[in-house]
Number of protein chains: 2
Amino acid sequence: MAEPKRRPGGRSERVRVAVYDATLHGLHEDGYAGLTIESIAARASVHKTTIYRRWQSKDAVVAAAVADLVSQQFPVQASGSLVNDLRYFARTLVRLLNSRSPRVRGVLHAFFSEASTLPEIATLKRDFFAGRYAQAEAIVSAAGERHDIAIDIDAGELIGLVVAPIYYRLLVSGEPITNAVADRAVDNALAALRGGGCQSNTPNSGAAQRN
Amino acid sequence: MAEPKRRPGGRSERVRVAVYDATLHGLHEDGYAGLTIESIAARASVHKTTIYRRWQSKDAVVAAAVADLVSQQFPVQASGSLVNDLRYFARTLVRLLNSRSPRVRGVLHAFFSEASTLPEIATLKRDFFAGRYAQAEAIVSAAGERHDIAIDIDAGELIGLVVAPIYYRLLVSGEPITNAVADRAVDNALAALRGGGCQSNTPNSGAAQRN
DNA sequence: AGCTAATACAACTTCTTGTTGCGTTAGATA
DNA sequence: TATCTAACGCAACAAGAAGTTGTATTAGCT
(Lines give C-alpha, C1' and ligand atoms only; values in the text may rest on other atoms or scores of the structure.)
Protein backbone atom coordinates (compact mmCIF):
# COMPACT_ATOMS: atom_id res chain seq x y z
CA MET A 1 0.00 0.00 0.00
CA ALA A 2 2.90 2.37 -0.63
CA GLU A 3 1.96 5.82 -1.87
CA PRO A 4 2.80 6.26 -5.55
CA LYS A 5 5.70 8.62 -6.06
CA ARG A 6 4.33 12.03 -7.06
CA ARG A 7 6.00 14.40 -9.49
CA PRO A 8 5.07 17.94 -8.48
CA GLY A 9 7.77 19.59 -10.55
CA GLY A 10 7.83 20.03 -14.28
CA ARG A 11 4.99 19.03 -16.53
CA SER A 12 2.29 18.44 -13.93
CA GLU A 13 2.80 21.92 -12.62
CA ARG A 14 2.73 23.42 -16.09
CA VAL A 15 -0.51 21.61 -16.83
CA ARG A 16 -2.02 22.78 -13.57
CA VAL A 17 -1.17 26.40 -14.26
CA ALA A 18 -2.36 26.17 -17.86
CA VAL A 19 -5.67 24.60 -16.84
CA TYR A 20 -6.35 27.12 -14.08
CA ASP A 21 -5.50 29.93 -16.43
CA ALA A 22 -7.73 28.54 -19.17
CA THR A 23 -10.55 28.02 -16.69
CA LEU A 24 -10.54 31.61 -15.42
CA HIS A 25 -10.08 32.92 -18.93
CA GLY A 26 -13.00 30.86 -20.17
CA LEU A 27 -15.11 31.86 -17.20
CA HIS A 28 -14.53 35.45 -18.22
CA GLU A 29 -15.17 35.03 -21.94
CA ASP A 30 -17.88 32.37 -22.08
CA GLY A 31 -19.36 32.56 -18.61
CA TYR A 32 -20.05 29.67 -16.30
CA ALA A 33 -22.87 28.28 -18.42
CA GLY A 34 -20.76 28.35 -21.57
CA LEU A 35 -17.73 26.85 -19.90
CA THR A 36 -17.03 23.19 -20.73
CA ILE A 37 -14.21 20.85 -19.85
CA GLU A 38 -13.41 20.47 -23.52
CA SER A 39 -13.15 24.22 -24.03
CA ILE A 40 -10.81 24.44 -21.06
CA ALA A 41 -8.72 21.61 -22.47
CA ALA A 42 -8.52 23.25 -25.87
CA ARG A 43 -7.50 26.61 -24.42
CA ALA A 44 -4.91 25.05 -22.15
CA SER A 45 -3.54 22.93 -25.00
CA VAL A 46 -4.14 19.87 -22.90
CA HIS A 47 -6.17 16.76 -23.61
CA LYS A 48 -9.60 16.54 -22.02
CA THR A 49 -8.86 13.18 -20.40
CA THR A 50 -6.15 14.83 -18.37
CA ILE A 51 -8.71 17.17 -16.84
CA TYR A 52 -11.29 14.45 -16.32
CA ARG A 53 -8.75 12.33 -14.51
CA ARG A 54 -7.23 15.03 -12.32
CA TRP A 55 -10.28 17.10 -11.43
CA GLN A 56 -13.27 14.88 -12.25
CA SER A 57 -15.88 17.60 -12.79
CA LYS A 58 -16.21 21.09 -14.21
CA ASP A 59 -17.21 22.44 -10.81
CA ALA A 60 -14.08 21.02 -9.21
CA VAL A 61 -11.86 22.68 -11.80
CA VAL A 62 -13.57 26.02 -11.33
CA ALA A 63 -13.32 25.80 -7.55
CA ALA A 64 -9.64 24.85 -7.70
CA ALA A 65 -8.80 27.58 -10.19
CA VAL A 66 -10.56 30.25 -8.14
CA ALA A 67 -9.02 29.02 -4.91
CA ASP A 68 -5.58 29.13 -6.49
CA LEU A 69 -5.86 32.81 -7.40
CA VAL A 70 -7.67 33.93 -4.27
CA SER A 71 -4.96 32.40 -2.10
CA GLN A 72 -2.72 35.25 -3.22
CA GLN A 73 -3.77 37.86 -0.67
CA PHE A 74 -3.99 41.58 -1.22
CA PRO A 75 -2.38 43.57 1.58
CA VAL A 76 -4.09 46.64 2.98
CA GLN A 77 -2.17 49.75 3.90
CA ALA A 78 -3.24 51.11 7.27
CA SER A 79 -1.25 54.09 8.45
CA GLY A 80 -2.10 57.76 8.55
CA SER A 81 -5.51 59.37 8.65
CA LEU A 82 -8.86 57.63 8.42
CA VAL A 83 -9.79 59.51 5.25
CA ASN A 84 -6.63 58.49 3.47
CA ASP A 85 -6.83 54.89 4.60
CA LEU A 86 -10.45 54.55 3.57
CA ARG A 87 -9.76 56.25 0.27
CA TYR A 88 -6.86 53.92 -0.42
CA PHE A 89 -9.05 50.98 0.55
CA ALA A 90 -11.87 52.06 -1.74
CA ARG A 91 -9.54 52.81 -4.63
CA THR A 92 -7.92 49.42 -4.27
CA LEU A 93 -11.34 47.86 -4.62
CA VAL A 94 -12.05 50.00 -7.68
CA ARG A 95 -8.81 48.92 -9.28
CA LEU A 96 -9.63 45.30 -8.55
CA LEU A 97 -13.12 45.53 -10.05
CA ASN A 98 -11.74 47.29 -13.11
CA SER A 99 -8.94 44.82 -13.62
CA ARG A 100 -8.50 43.76 -17.20
CA SER A 101 -6.66 40.62 -16.20
CA PRO A 102 -8.69 37.65 -17.50
CA ARG A 103 -7.78 35.68 -14.39
CA VAL A 104 -9.11 38.34 -12.03
CA ARG A 105 -12.19 38.87 -14.15
CA GLY A 106 -12.74 35.12 -14.13
CA VAL A 107 -12.74 35.09 -10.36
CA LEU A 108 -15.09 38.06 -10.26
CA HIS A 109 -17.39 36.21 -12.61
CA ALA A 110 -17.24 33.15 -10.37
CA PHE A 111 -18.07 35.24 -7.32
CA PHE A 112 -20.90 37.21 -8.88
CA SER A 113 -22.66 34.71 -11.11
CA GLU A 114 -24.17 31.29 -10.97
CA ALA A 115 -20.89 29.72 -9.93
CA SER A 116 -21.29 31.44 -6.57
CA THR A 117 -23.99 28.92 -5.71
CA LEU A 118 -21.42 26.12 -5.72
CA PRO A 119 -20.53 25.31 -2.11
CA GLU A 120 -16.77 25.57 -2.65
CA ILE A 121 -17.07 28.92 -4.42
CA ALA A 122 -19.47 30.21 -1.80
CA THR A 123 -16.98 29.33 0.91
CA LEU A 124 -14.10 30.98 -0.93
CA LYS A 125 -16.20 34.08 -1.48
CA ARG A 126 -17.22 34.26 2.16
CA ASP A 127 -13.65 33.77 3.37
CA PHE A 128 -12.30 36.33 0.93
CA PHE A 129 -14.73 39.03 2.00
CA ALA A 130 -14.32 38.15 5.64
CA GLY A 131 -10.60 38.77 5.22
CA ARG A 132 -11.14 42.08 3.49
CA TYR A 133 -13.64 43.05 6.13
CA ALA A 134 -11.22 42.29 8.95
CA GLN A 135 -8.58 44.46 7.33
CA ALA A 136 -11.05 47.29 6.91
CA GLU A 137 -12.22 46.95 10.47
CA ALA A 138 -8.64 47.39 11.60
CA ILE A 139 -8.55 50.74 9.81
CA VAL A 140 -11.62 51.95 11.65
CA SER A 141 -10.61 50.67 15.07
CA ALA A 142 -7.18 52.27 14.64
CA ALA A 143 -8.93 55.58 13.94
CA GLY A 144 -11.00 55.02 17.08
CA GLU A 145 -7.86 54.53 19.16
CA ARG A 146 -6.40 57.71 17.71
CA HIS A 147 -9.66 59.41 18.74
CA ASP A 148 -10.24 60.55 15.16
CA ILE A 149 -13.77 59.23 15.54
CA ALA A 150 -16.02 58.15 18.39
CA ILE A 151 -15.47 54.73 19.91
CA ASP A 152 -19.04 53.58 19.50
CA ILE A 153 -18.85 53.61 15.71
CA ASP A 154 -20.06 50.46 14.01
CA ALA A 155 -17.05 49.60 11.85
CA GLY A 156 -18.93 47.16 9.67
CA GLU A 157 -21.66 49.68 8.97
CA LEU A 158 -19.10 52.32 7.99
CA ILE A 159 -17.17 49.99 5.71
CA GLY A 160 -20.47 48.94 4.18
CA LEU A 161 -21.24 52.57 3.35
CA VAL A 162 -17.87 52.83 1.62
CA VAL A 163 -17.94 49.67 -0.48
CA ALA A 164 -21.67 49.20 -1.12
CA PRO A 165 -22.00 52.02 -3.68
CA ILE A 166 -19.00 50.61 -5.54
CA TYR A 167 -20.42 47.11 -5.76
CA TYR A 168 -23.79 48.62 -6.61
CA ARG A 169 -22.35 50.03 -9.80
CA LEU A 170 -20.72 46.75 -10.71
CA LEU A 171 -23.71 44.53 -10.07
CA VAL A 172 -26.83 46.62 -10.42
CA SER A 173 -26.57 49.86 -12.31
CA GLY A 174 -23.63 48.96 -14.53
CA GLU A 175 -22.29 52.51 -14.43
CA PRO A 176 -18.52 52.95 -14.77
CA ILE A 177 -16.49 52.53 -11.61
CA THR A 178 -13.96 55.33 -11.36
CA ASN A 179 -11.72 56.58 -8.60
CA ALA A 180 -14.13 59.49 -8.28
CA VAL A 181 -16.80 56.98 -7.30
CA ALA A 182 -14.52 55.59 -4.61
CA ASP A 183 -13.70 59.04 -3.24
CA ARG A 184 -17.33 60.08 -3.24
CA ALA A 185 -18.28 56.90 -1.39
CA VAL A 186 -15.71 57.69 1.28
CA ASP A 187 -16.86 61.30 1.50
CA ASN A 188 -20.47 60.28 1.90
CA ALA A 189 -19.60 57.64 4.49
CA LEU A 190 -17.71 60.17 6.56
CA ALA A 191 -20.53 62.66 6.09
CA ALA A 192 -22.88 60.03 7.51
CA LEU A 193 -20.53 59.72 10.46
CA ARG A 194 -20.65 63.46 11.05
CA GLY A 195 -24.44 63.39 10.70
CA GLY A 196 -24.74 60.83 13.47
CA GLY A 197 -24.91 57.59 11.48
CA CYS A 198 -23.16 54.25 12.08
CA GLN A 199 -23.71 54.29 15.83
CA SER A 200 -23.25 50.80 17.22
CA ASN A 201 -25.56 51.49 20.17
CA THR A 202 -28.60 51.57 17.90
CA PRO A 203 -28.33 48.07 16.50
CA ASN A 204 -31.81 47.82 15.02
CA SER A 205 -32.47 51.50 14.33
CA GLY A 206 -35.39 53.25 15.91
CA ALA A 207 -38.13 51.82 13.73
CA ALA A 208 -40.27 48.81 14.47
CA GLN A 209 -39.74 45.87 12.18
CA ARG A 210 -42.24 43.44 10.85
CA ASN A 211 -40.09 40.76 9.25
CA MET B 1 -50.36 36.40 -48.46
CA ALA B 2 -53.21 36.76 -45.96
CA GLU B 3 -52.19 36.72 -42.32
CA PRO B 4 -53.16 33.46 -40.63
CA LYS B 5 -55.91 33.89 -38.12
CA ARG B 6 -54.40 33.94 -34.63
CA ARG B 7 -55.99 32.47 -31.53
CA PRO B 8 -54.83 34.48 -28.54
CA GLY B 9 -57.49 33.17 -26.19
CA GLY B 10 -57.72 29.77 -24.60
CA ARG B 11 -55.05 27.15 -24.98
CA SER B 12 -52.29 29.30 -26.46
CA GLU B 13 -52.58 31.63 -23.53
CA ARG B 14 -52.54 28.79 -21.04
CA VAL B 15 -49.41 27.37 -22.66
CA ARG B 16 -47.75 30.76 -22.64
CA VAL B 17 -48.42 31.27 -18.95
CA ALA B 18 -47.36 27.72 -18.08
CA VAL B 19 -44.11 28.06 -20.02
CA TYR B 20 -43.21 31.44 -18.52
CA ASP B 21 -44.01 30.12 -15.09
CA ALA B 22 -41.95 26.99 -15.63
CA THR B 23 -39.07 29.06 -17.00
CA LEU B 24 -38.87 31.38 -14.00
CA HIS B 25 -39.38 28.49 -11.63
CA GLY B 26 -36.59 26.54 -13.32
CA LEU B 27 -34.36 29.58 -13.36
CA HIS B 28 -34.79 29.77 -9.62
CA GLU B 29 -34.30 26.09 -8.87
CA ASP B 30 -31.71 24.99 -11.43
CA GLY B 31 -30.11 28.28 -12.40
CA TYR B 32 -29.51 29.54 -15.89
CA ALA B 33 -26.81 26.99 -16.63
CA GLY B 34 -29.00 24.10 -15.54
CA LEU B 35 -32.05 25.31 -17.38
CA THR B 36 -32.96 23.42 -20.58
CA ILE B 37 -35.87 23.65 -22.96
CA GLU B 38 -36.79 20.08 -22.16
CA SER B 39 -36.87 20.78 -18.43
CA ILE B 40 -39.12 23.77 -19.06
CA ALA B 41 -41.39 21.65 -21.22
CA ALA B 42 -41.62 18.95 -18.58
CA ARG B 43 -42.41 21.42 -15.82
CA ALA B 44 -45.01 23.19 -17.92
CA SER B 45 -46.57 19.87 -18.99
CA VAL B 46 -46.05 20.89 -22.57
CA HIS B 47 -44.21 19.15 -25.38
CA LYS B 48 -40.75 20.44 -26.22
CA THR B 49 -41.59 20.95 -29.88
CA THR B 50 -44.14 23.52 -28.82
CA ILE B 51 -41.44 25.59 -27.20
CA TYR B 52 -38.98 25.12 -30.04
CA ARG B 53 -41.57 26.32 -32.54
CA ARG B 54 -42.88 29.28 -30.59
CA TRP B 55 -39.71 30.65 -29.00
CA GLN B 56 -36.84 29.06 -30.94
CA SER B 57 -34.11 29.28 -28.31
CA LYS B 58 -33.67 29.01 -24.56
CA ASP B 59 -32.50 32.61 -24.37
CA ALA B 60 -35.63 33.81 -26.13
CA VAL B 61 -37.87 31.96 -23.66
CA VAL B 62 -35.99 33.38 -20.70
CA ALA B 63 -36.14 36.91 -22.08
CA ALA B 64 -39.85 36.64 -22.81
CA ALA B 65 -40.64 35.17 -19.40
CA VAL B 66 -38.72 37.88 -17.59
CA ALA B 67 -40.21 40.63 -19.72
CA ASP B 68 -43.68 39.32 -18.98
CA LEU B 69 -43.28 39.58 -15.23
CA VAL B 70 -41.34 42.84 -15.23
CA SER B 71 -44.05 44.52 -17.28
CA GLN B 72 -46.21 44.44 -14.15
CA GLN B 73 -45.00 47.66 -12.55
CA PHE B 74 -44.65 48.31 -8.85
CA PRO B 75 -46.12 51.65 -7.84
CA VAL B 76 -44.25 53.90 -5.43
CA GLN B 77 -46.03 55.84 -2.75
CA ALA B 78 -44.82 59.43 -2.59
CA SER B 79 -46.65 61.57 -0.08
CA GLY B 80 -45.64 62.78 3.34
CA SER B 81 -42.18 63.27 4.76
CA LEU B 82 -38.92 62.36 3.08
CA VAL B 83 -38.01 59.92 5.85
CA ASN B 84 -41.24 58.02 5.53
CA ASP B 85 -41.17 57.94 1.75
CA LEU B 86 -37.59 56.71 1.66
CA ARG B 87 -38.32 54.14 4.34
CA TYR B 88 -41.30 52.85 2.43
CA PHE B 89 -39.22 52.75 -0.72
CA ALA B 90 -36.41 50.82 0.96
CA ARG B 91 -38.78 48.42 2.65
CA THR B 92 -40.53 47.73 -0.62
CA LEU B 93 -37.17 46.78 -2.08
CA VAL B 94 -36.46 44.53 0.91
CA ARG B 95 -39.78 42.79 0.50
CA LEU B 96 -39.07 42.30 -3.19
CA LEU B 97 -35.62 40.82 -2.60
CA ASN B 98 -36.99 38.54 0.10
CA SER B 99 -39.90 37.36 -1.99
CA ARG B 100 -40.46 33.64 -1.82
CA SER B 101 -42.39 33.64 -5.07
CA PRO B 102 -40.54 31.39 -7.53
CA ARG B 103 -41.43 33.76 -10.36
CA VAL B 104 -39.94 36.78 -8.64
CA ARG B 105 -36.90 34.81 -7.56
CA GLY B 106 -36.50 33.63 -11.12
CA VAL B 107 -36.41 37.20 -12.36
CA LEU B 108 -33.94 38.14 -9.65
CA HIS B 109 -31.79 35.24 -10.74
CA ALA B 110 -32.00 36.41 -14.34
CA PHE B 111 -31.01 39.94 -13.35
CA PHE B 112 -28.14 38.97 -11.06
CA SER B 113 -26.56 36.01 -12.77
CA GLU B 114 -25.19 34.98 -16.08
CA ALA B 115 -28.49 35.60 -17.84
CA SER B 116 -27.93 39.32 -17.29
CA THR B 117 -25.31 39.21 -20.04
CA LEU B 118 -28.00 38.43 -22.61
CA PRO B 119 -28.81 41.64 -24.51
CA GLU B 120 -32.56 41.35 -23.95
CA ILE B 121 -32.19 40.73 -20.22
CA ALA B 122 -29.65 43.52 -19.91
CA THR B 123 -32.11 45.91 -21.53
CA LEU B 124 -34.96 44.80 -19.30
CA LYS B 125 -32.75 45.18 -16.25
CA ARG B 126 -31.62 48.64 -17.26
CA ASP B 127 -35.17 49.78 -18.00
CA PHE B 128 -36.49 48.33 -14.77
CA PHE B 129 -33.92 50.09 -12.64
CA ALA B 130 -34.26 53.30 -14.61
CA GLY B 131 -37.97 53.23 -13.79
CA ARG B 132 -37.35 52.61 -10.12
CA TYR B 133 -34.75 55.34 -10.12
CA ALA B 134 -37.10 57.85 -11.68
CA GLN B 135 -39.71 57.12 -9.03
CA ALA B 136 -37.16 57.52 -6.29
CA GLU B 137 -35.89 60.75 -7.78
CA ALA B 138 -39.44 62.10 -7.63
CA ILE B 139 -39.46 61.48 -3.88
CA VAL B 140 -36.28 63.48 -3.42
CA SER B 141 -37.24 66.35 -5.67
CA ALA B 142 -40.62 66.60 -3.94
CA ALA B 143 -38.77 66.94 -0.64
CA GLY B 144 -36.63 69.64 -2.21
CA GLU B 145 -39.72 71.57 -3.26
CA ARG B 146 -41.10 71.27 0.26
CA HIS B 147 -37.75 72.66 1.45
CA ASP B 148 -37.21 69.60 3.66
CA ILE B 149 -33.75 69.43 2.19
CA ALA B 150 -31.46 71.70 0.20
CA ILE B 151 -32.10 72.05 -3.53
CA ASP B 152 -28.59 71.19 -4.57
CA ILE B 153 -28.88 67.61 -3.32
CA ASP B 154 -27.86 64.93 -5.82
CA ALA B 155 -30.95 62.72 -5.85
CA GLY B 156 -29.21 59.80 -7.52
CA GLU B 157 -26.42 59.85 -4.98
CA LEU B 158 -28.90 59.86 -2.11
CA ILE B 159 -30.98 57.01 -3.52
CA GLY B 160 -27.76 55.13 -4.12
CA LEU B 161 -26.89 55.44 -0.44
CA VAL B 162 -30.28 54.02 0.44
CA VAL B 163 -30.39 51.02 -1.87
CA ALA B 164 -26.70 50.12 -2.22
CA PRO B 165 -26.35 48.57 1.25
CA ILE B 166 -29.43 46.49 0.61
CA TYR B 167 -28.16 45.12 -2.67
CA TYR B 168 -24.74 44.67 -1.07
CA ARG B 169 -26.22 42.14 1.32
CA LEU B 170 -28.00 40.31 -1.44
CA LEU B 171 -25.08 40.09 -3.83
CA VAL B 172 -21.89 40.32 -1.84
CA SER B 173 -22.08 39.56 1.85
CA GLY B 174 -25.11 37.29 1.79
CA GLU B 175 -26.30 38.56 5.15
CA PRO B 176 -30.06 38.52 5.80
CA ILE B 177 -32.02 41.45 4.44
CA THR B 178 -34.43 42.68 7.07
CA ASN B 179 -36.56 45.77 7.44
CA ALA B 180 -34.03 46.92 10.02
CA VAL B 181 -31.43 46.95 7.24
CA ALA B 182 -33.70 49.13 5.15
CA ASP B 183 -34.35 51.55 7.99
CA ARG B 184 -30.67 51.75 8.87
CA ALA B 185 -29.81 52.45 5.26
CA VAL B 186 -32.27 55.34 5.22
CA ASP B 187 -30.98 56.65 8.54
CA ASN B 188 -27.40 56.58 7.34
CA ALA B 189 -28.31 58.21 4.04
CA LEU B 190 -30.05 61.05 5.83
CA ALA B 191 -27.15 61.30 8.25
CA ALA B 192 -24.86 61.70 5.27
CA LEU B 193 -27.13 64.50 4.08
CA ARG B 194 -26.86 66.25 7.45
CA GLY B 195 -23.09 65.73 7.38
CA GLY B 196 -22.81 67.54 4.04
CA GLY B 197 -22.80 64.62 1.61
CA CYS B 198 -24.66 64.19 -1.72
CA GLN B 199 -24.00 67.75 -2.88
CA SER B 200 -24.57 67.96 -6.59
CA ASN B 201 -22.18 70.91 -6.96
CA THR B 202 -19.17 68.69 -6.23
CA PRO B 203 -19.60 66.24 -9.06
CA ASN B 204 -16.19 64.60 -8.90
CA SER B 205 -15.42 65.12 -5.20
CA GLY B 206 -12.41 67.08 -4.15
CA ALA B 207 -9.77 64.48 -4.83
CA ALA B 208 -7.69 64.14 -7.95
CA GLN B 209 -8.39 61.09 -10.00
CA ARG B 210 -6.00 58.93 -11.92
CA ASN B 211 -8.30 56.65 -13.90
C1' DA C 1 -70.53 21.58 -37.61
C1' DG C 2 -66.56 22.60 -40.19
C1' DC C 3 -62.14 24.86 -40.57
C1' DT C 4 -57.51 25.21 -39.20
C1' DA C 5 -54.08 27.21 -35.79
C1' DA C 6 -51.70 25.23 -32.20
C1' DT C 7 -50.17 21.37 -29.92
C1' DA C 8 -48.78 16.35 -29.14
C1' DC C 9 -46.27 12.46 -30.55
C1' DA C 10 -42.69 9.63 -32.56
C1' DA C 11 -38.75 8.93 -35.03
C1' DC C 12 -34.64 10.63 -36.31
C1' DT C 13 -30.01 13.16 -36.78
C1' DT C 14 -26.50 15.61 -34.72
C1' DC C 15 -23.70 17.24 -31.11
C1' DT C 16 -21.90 17.03 -26.59
C1' DT C 17 -20.39 14.65 -22.56
C1' DG C 18 -17.85 11.46 -20.21
C1' DT C 19 -15.30 6.77 -20.26
C1' DT C 20 -11.80 3.23 -21.36
C1' DG C 21 -7.72 0.94 -23.12
C1' DC C 22 -3.36 1.64 -24.61
C1' DG C 23 0.64 3.89 -26.47
C1' DT C 24 3.84 7.90 -25.53
C1' DT C 25 6.27 11.45 -23.00
C1' DA C 26 9.15 13.11 -19.63
C1' DG C 27 10.20 13.72 -14.33
C1' DA C 28 12.72 11.25 -11.06
C1' DT C 29 16.27 8.04 -9.30
C1' DA C 30 20.45 5.64 -9.50
C1' DT D 1 23.27 7.54 -19.19
C1' DA D 2 19.91 4.12 -18.46
C1' DT D 3 15.76 2.78 -16.23
C1' DC D 4 11.31 3.19 -14.08
C1' DT D 5 6.80 4.85 -14.07
C1' DA D 6 3.56 8.88 -13.09
C1' DA D 7 1.27 11.73 -15.98
C1' DC D 8 -0.27 12.76 -20.34
C1' DG D 9 -1.97 12.14 -25.35
C1' DC D 10 -4.80 9.70 -28.49
C1' DA D 11 -8.49 7.14 -30.62
C1' DA D 12 -12.55 4.84 -30.17
C1' DC D 13 -16.62 4.40 -28.00
C1' DA D 14 -21.08 4.63 -25.16
C1' DA D 15 -24.69 7.42 -23.39
C1' DG D 16 -27.45 11.04 -23.50
C1' DA D 17 -29.09 15.65 -24.58
C1' DA D 18 -30.27 19.01 -28.15
C1' DG D 19 -32.71 20.10 -31.92
C1' DT D 20 -35.48 18.79 -36.38
C1' DT D 21 -39.18 16.89 -39.22
C1' DG D 22 -43.50 14.63 -40.65
C1' DT D 23 -47.86 13.47 -39.15
C1' DA D 24 -51.75 12.84 -36.10
C1' DT D 25 -54.68 15.08 -32.66
C1' DT D 26 -56.84 18.73 -30.07
C1' DA D 27 -59.48 22.67 -29.50
C1' DG D 28 -60.41 27.80 -30.53
C1' DC D 29 -62.90 30.30 -33.79
C1' DT D 30 -66.67 31.39 -37.15
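Protein chains get the first letters and strands the later ones, always in sequence-line order, with residue 1 at the start of each. Any value given below was found using the heavy atoms of this structure, including those in side chains, with hydrogens, waters and symmetry copies removed.
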Per-nucleotide protein contact string for nucleotides 10-16 of chain C, where B marks a base within reach and S marks sugar-phosphate only (heavy atoms under 4.0 Å, - for neither): B------
Distance, rounded to the nearest Å, where B:Arg14 contributes CZ and C:dA5 contributes P: 19 Å
Run the salt bridge (charged side-chain N to carboxylate O under 4.0 Å, His left out) test against A:Arg16 and tell me which residues pass, sequence neighbours left out. A:Glu13, A:Asp68
Salt bridge (charged side-chain N to carboxylate O under 4.0 Å, His left out) involving A:Asp59 - partner list, sequence neighbours excluded: none
Looking at residues 19-31 of chain A, who's got a heavy atom less than 4.0 Å off DNA chain D? none
How many Å lie between CZ on B:Arg53 and C1' on C:dA6, as a whole number? 9 Å
Excluding sequence neighbours, so at least two apart, what forms salt bridge (charged side-chain N to carboxylate O under 4.0 Å, His left out) with B:Lys48? B:Glu38
Looking at B:Ser39 and B:Leu35, would you say the former's side chain and the latter's main chain have a donor-acceptor pair under 3.5 Å? no
Between B:Asn98 and B:Ile177 (side chain of the first, backbone of the second, donor and acceptor by atom type, cut-off under 3.5 Å), is there such a pair? yes
So which of residues 60-67 of chain B are in contact with DNA chain C, with a heavy-atom cut-off of under 4.0 Å? none
Residues 156-170 of chain B vs side chain to side chain donor-acceptor pair (under 3.5 Å), sequence neighbours excluded, gives A:Asn188-B:Glu157
How many Å lie between CD1 on B:Ile37 and P on D:dA18, as a whole number? 9 Å
Using a cutoff of under 3.5 Å, can you pull out all pairs of nitrogen or oxygen atoms linking the protein to nucleotides 23-25 of chain C, with atom names and distances?
unit_1	atom_1	unit_2	atom_2	d
C:dT25	O2	A:Arg11	NH2	2.9

With sequence neighbours excluded, tell me which residues meet salt bridge (charged side-chain N to carboxylate O under 4.0 Å, His left out) with B:Arg100. none
Could you walk me through whether B:Ile51 and B:Ile40 pass the side chain to side chain contact (heavy atoms under 4.5 Å, CB included) check? CA-CA 9 Å; B:Ile51 300 183; B:Ile40 297 173; 3.8 Å; yes
Just report the end-to-end axis angle for the helix from C:dA1-D:dT30 to C:dA30-D:dT1, five pairs per end, to 10 degrees. 40°
Sequence-distant partners of B:Phe89, ring pair (Phe, Tyr, Trp, His ring centres under 6.0 Å), two or more places apart: none
Where at least one partner belongs to residues 114-125 of chain B, residue pairs that pass side chain to side chain donor-acceptor pair (under 3.5 Å), sequence neighbours excluded: A:His109-B:Glu114
Flag, side chain of B:Arg103 to backbone of B:Thr23, donor-acceptor distance under 3.5 Å: no
Please report the distance, rounded to the nearest Å, between CD1 in A:Ile51 and P in C:dT17. 12 Å
